[in-house]
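Accompanying notes for the structure given below.
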Amino acid sequence: MILESLLPAASSYARDIGFLFDLITLLVGVPFLIACYLFFAFIFRFAAKKVDKAMYITGYEHEYMKWIHRAHVPILVFDVIIVIFAVNVWYNVKQNLPEAESTVRVIAQQWAWTFVHPGPDNTLDTADDITTVNELHVAKDTLYHYKLESKDVLHNFSVPVFRLKQDAIPGRVITGWFEPTLAGEYDIQCAEICGIGHGLMPARIHIETPSQHAAWVAENSPFSLAKASAPELEVAER
Amino acid sequence: MSAHEAHGDEFYVKTWAILLVLLLISVLGPLLGHPVLTLITAFGIAVVKAYLVAVRFMHINLTPRFVTYAVATTLVFMLLFFAGTAPDVMKNHGTNWVKPAWIQAEAAYAAEVASGAAGHHGAGGHGEAPHGGEAAPAHH
Amino acid sequence: MSARPIATTRSAAGMPTARLAVWWIIASEIVIFGGLLGSYIMHRLAHGVWADYAAATNPWIGGFNTFVLLTSSLMAVLGHQAAERGDGPRAAKMLYLTCGGGLLFICVKAYEWTTEISHGMTITANTFWSFYYTAAGIHALHVIAGCIIMLFVAQTAKKNLELHRVEIIGIYWHFVDVVWIFLFPLLYIAK
Amino acid sequence: MAETIHVGHAEEHGHHDHHEMSFLEKYVFPLDHKMIAMQYMFTGMFMALIGGFFAYAFRMQLAFPGMDVPFWGVVTPADYNALVTSHGSVMIFWVAMPVLIAAFGNYLIPLMIGADDMVFPKINRLSYQIFLISAIIIIASFFVEGGAFGGAWTAYPPLSTKAQYSLTPIGSTMWITAVALEFVAFLLGGINFITTAMNSRAPGMKMWDIPMVVWMIVIASILFMLSVGPLLAGGIMMIFDQQLGTAFFDPDRGGDPILWQHLFWFFGHPEVYVVLLPAVGIVAEVMTVFSRKKLFAYKTVLYTAIGTGVLSFTVWAHHQFIAGIDPRMANVFTVTTLLISVPIAEMMFVYIATLYGGKITLTTPMLWALAFVFEFLIGGITGIFLGASGNDIYMHDTYFVLAHFHYTFYPIAIIGTYAGFTFWFPKMFGKMMNDGLGKLHFWLTIIPFNLIFLPLFVLGASGQHRRIYDYTNFPELAQPWQQDLRQLATISLVVMLGAQVIFFYNVIKSWMSGPPAGKNPWNSGTLEWTATSPPPHGNWPEGLPTCYRGPYEYSHPDHDKDYWPQNEPA
């Protein structure tokens, strides 16, 4: 709720993360407010004007210590709840890799993003791949895998509306997934400092309806750009 | 420091002699060519030697107990560091990530071993500097 | 030299201040070497090819250096014994011998490194050699620092002054020895 | 910085040594722990002003992109990166560490445990000198070719190791050299603090009679010593990568950039507690004195501190959740991270419980101490959001993180320091500080502080990433309401920085012409208040005190006065 009010949620798991955020807000907010209430209440109640002499409490007395011990119970319970939900979300987003309907390659470098789309045959590393710079085109409601690489330094493939973030590390290929659920044009930001141009790496993600996306693919595939007869070839390849 | 005055100089010379014997074993161990044995003679004996030096030369057993605990704690923390770091640094792949260049280099090396050229690396290091660099992963 | 603070002469923890301090120094040194060697071991276990690189090291030179350090450690502990008995000149003599061991160690090391470098195994040859020179180099720096401090300690010990320092520098020296005891199999033996 | 040092100069009544010390011996190369503390204190404060100026320069750029910032000029992207990097490094390594550990540690440990000096005065002096050199190097890096290092205070390779990526060939090496030297300085200092506190306690002072702040500084020093090693080794590896061309962190030649992140955060996380604990200790001293009450459950505080310290070694990878580590590891580190909330929460409860049944006077130091508890509470609970791995996927490296750790580091480094400084000012300089000016300074610091960072939580939750010099390049971050919040934060920052003038005016004025403080202006029970203000070299020329009881015997029923000094025989 809180996150969605600030930024649209455009991926299948964005709402899970939003819910987790709300849950944590609630679970830490309540103890925080209680602690604040006690804190200020004690300051006003035991102001020097109102008190003759301070009490002598070592703190080890059971009648006082029990309050500290009791306070641990809710904290531990809340911790466990938060861990369960957090790990659950984490598992869904980062560890678990659902079957992909399409795969894109994301290559970061100083200071631009290169996106390789699979093209009409929906397979990467074929002749009809569509390579773009600083704009990623994906279809709504399609489950994508991304293969993230970096050419030079650390970068971070961050799509705030997806609530997705993953560092790109030179020498590694990191795979993850997302499923766009909201059509529109949104930011892709680099979220790991990558040198002077770190603030100048704004890419855009274009989430299109499947038909729009198919049209974009058809229009931009190397074959259609090269030859007018491309659509036939595309059909033939499928 | 009074507890160890019972020891004369011979005690230390004797300890030194034991250490030298252990050293000899650890140098000769690999000559048997058995990897598990090498591991034992190299690192098992290193631990024994370190223990001997710590106890008989450094008198760690005669210092208050907390010193031993402090030293042990540092070792535990180092194990922790290793445990937390190894899954990333020691592996060439993991959950949803791979190091392609590394895997390629390994495959190339395995092929080389299979073709009987494994000895080349050790000797190659002696000969030409560029080869030493080339053998590193990711250049292939 | 100004008078030593009264604080230094107290020992509420049950051991002399300097000895307490040297143990804390050792604790902090363990993590320095631990971090470095931990990183090295990770790479070493992961890359099969490193065993071939390591084959180019000379275990006989390494073994000789271990022998040198172990012997110098013996000299240090004998110096400590002499200091316990109040025999400053003998303690100083032992410390000079220890220093001699350190010097021999460095000389052998210098010979070893020159040979290796002249055969193309420089610090940039590959990451194994980078670790090799870094770890052994940091250790060698400790040897040199130990030698220099030891010379100062021996100077005062000769005049039967500050004899407790003989033990302190000895503990430090044994630690340097222990580090080498682990470096030796890690860099030379394991293949 | 020799000039700033003699602000700390105070009249000395007697000397241990029989000869009169020269100016150089006394103020530039002192052996006296109090003078070394003052050197650390004022160097730290000077560095804080520099760090604050950096913050001012880049915040102006964020609020008013492309403006010609007064006293700096136009902030270019390279400038911006160098500024944020140096702001972070300076504030943590050259402000929080020297002031909280070195300055307060040096000043308080011998005085509070009834010793005449640190056990190794010369190592102590050497520690400061190395620290000073490191401080000069980090500032000098702004004036070399290519400018200061701009790869953030975490200095992730390959950006930090390869000049063709960072474009700061000299600055990067100067940065890591300065940091490594600073660590060496604090290792030397740390050994001194630990051994002094362990060995040189006054006769009769048992484990549980040691004032909390001493405990905390000692635990912090131990944490530092046990965690910094890997990073020191990593620093050497990084310098070799930069200057000799080795490939420790170069993935193209068999290295691994993630290794550095582990080396860094294995130190980096305990480091948070290294600076936190002394501040917590200072707050314990201040709160007990001004609520005239024994510290609630002394041993519990101690155990929670040790527990936090040990746990802090097991949580480091929560900084790297999405930094490319194996995702399975994140689960382990989520659990340990949330576990650490238990001792920290207990510690905060105990502090609140200390207020219960007290007789609370809201003096300036007490206000700072209470502010610490409140603000740190906010910093603590917002940490839960980030420690929960699932949520961190979104929050990582946003302004939410930034606001969170400013809500922890600011109470620690700034509020904690002000609490301690205003509390021990009478002891340090022998004069009382002006309470009215102190309170004015307090409110003009604390309100703008919240106005700086509360908006940044909102900005972070709306997806604003860190270390980007101009958000107008990103349509989602260029909305007018976001720019308004940025401007609010920047204006608050300027107000807050301006308010610090009041503090320095107050310090100088009180030191010149404040009312004399006497030995024990706050009626406190700990040993430092039994020495003259300021204490002479040797602290108690008439003979070192003996300890008879715990440090917090306030309002004891068997005693007529509401405080019972530790050195008063029963």
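Proteins get letters first, then strands, A, B, ... in listed order; numbering begins at 1 in each.
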So A/N156 and D/H465, do their side chains get closer than 4.5 Å, heavy atoms only? no
So how far is it from A/I34 CD1 to D/F349 CZ, rounded to the nearest 0.5 Å? 8.5 Å
In the structure I gave you, are the side-chain heavy atoms of A/R204 and D/P475 within less than 4.5 Å of one another anywhere? yes
When only pairs under 4.5 Å are counted, which of A/G171, A/G197, A/A191 shares the most heavy-atom pairs with chain D? A/A191
Does any backbone or side-chain atom of D/T337 lie under 4.5 Å from a heavy atom of chain A? Answer side chain, backbone, both or neither. neither
Side chains of A/V89 and D/Y394: closer than 4.5 Å at any heavy-atom pair? no
Do D/K293 and A/I57 make a side-chain contact, defined as non-hydrogen atoms from C-beta onward lying under 4.5 Å apart? yes
Segment of A/I169 engaging chain D (4.5 angstrom heavy-atom cut-off): side chain
Sole candidate of D/E553, D/R292, D/H559 that passes side chain to side chain donor-acceptor pair (under 3.5 Å) when paired with A/Y56: D/E553
Restricting to non-hydrogen atoms, name the atom on D/S555 and the atom on A/M55 that form the minimum distance, rounded to 0.1 Å. CB-O, 4.5 Å
So for D/D79, is it side chain, backbone, both, or neither that comes closer than 4.5 Å to the heavy atoms of chain A? neither
Quick one: does A/I68's side chain get under 4.5 Å of D/F296's, heavy atoms only? yes
With a 4.5 Å cut-off on side-chain heavy atoms, are D/F385 and A/T25 touching? yes
With a 4.5 angstrom heavy-atom cut-off, which part of A/I75 approaches chain D: side chain, backbone, both or neither? side chain
At a 4.5 Å cut-off on heavy atoms, which part of A/F85 comes close to chain D: side chain, backbone, both, or neither? neither
Of all the heavy-atom pairs spanning A/T58 and D/K294, show the shortest one and how long it is. CG2-CE, 3.8 Å
Of D/D392, D/N331, D/N391, which meets side chain to side chain contact (heavy atoms under 4.5 Å, CB included) against A/W90? D/N331
Enter the distance from D/D397:CG to A/Q189:CD here, rounded to the nearest 0.5 Å. 11.5 Å
Check whether any side-chain heavy atom of D/M395 lies under 4.5 Å from a side-chain heavy atom of A/F21, and answer yes or no. yes
Is it the backbone or the side chain of A/I188 that comes under 4.5 Å from a heavy atom of chain D, or both, or neither? backbone
Counting only non-hydrogen atoms closer than 4.5 Å, does A/L154 touch chain D with its backbone (N, CA, C, O), its side chain (CB onward), both, or neither? both
Atom of A/D79, atom of D/S341 and distance for their closest heavy-atom approach: OD2-OG, 2.7 Å
